[in-house]
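The next block holds one structure in the form of structure tokens; read it before the comments.
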Amino acid sequence: MEIKVLGPGCARCRETEQLVSSAVQEAGITASVEKVTDFREMMSLGVMATPAVVIDGRVMCTGRVPSKDEILHWISR
């Protein structure tokens, strides 16, 4: 599983990255978590608001910090 956390590095983006990493560890799955700060890459994924979470190429949320429960639901499918 490939998870990308998109954002320039603001507090909300860092919080999202921490929540994603924590959820992956809690779920006990193997996943790569990548922080994307390049605006061109964000735009190529169709993301215009950050923070955003992309799992295996699918945009799961944009413009908000998801809850840990949401992230766990996304990665357990």
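The figures that follow rest on heavy atoms only: side chains count, while hydrogens, waters and symmetry mates do not. Small disclaimer: the values here were computed from a predicted structure and weren't measured.
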With a 3.5 Å cut-off and sequence neighbours excluded, list the donor-acceptor pairs that the side chains of residues 23-34 form with protein atoms.
{"unit_1": "Glu26", "atom_1": "OE1", "unit_2": "Lys68", "atom_2": "NZ", "d": "2.9"}

Under 3.5 Å, which donor-acceptor pairs link side chains of residues 40-63 to any protein atom two or more places apart or in another chain?
{"unit_1": "Glu41", "atom_1": "OE2", "unit_2": "Lys4", "atom_2": "NZ", "d": "3.0"}
{"unit_1": "Ser44", "atom_1": "OG", "unit_2": "Glu41", "atom_2": "O", "d": "2.7"}
{"unit_1": "Asp56", "atom_1": "OD1", "unit_2": "Glu2", "atom_2": "N", "d": "2.8"}

Check your understanding: Of the non-hydrogen atoms in Gly7 and Cys13, which two are nearest, and what is the gap between them?
Key -> CA-SG, 3.4 Å
Review point. Out of curiosity, does Val5 fall in the hydrophobic cluster containing Ile71 (side-chain heavy atoms, cut-off under 4.5 Å, transitive links)?
Key: yes
Check your understanding: How far does NZ of Lys35 sit from OG of Ser21, to the nearest 0.5 angstrom?
Key -> 11.0 Å
Exercise for review: Using modelled atom types only, decide if a donor and an acceptor are shared between the side chain of Ser22 and the backbone of Gln18 within a distance under 3.5 Å.
Suggested key: no
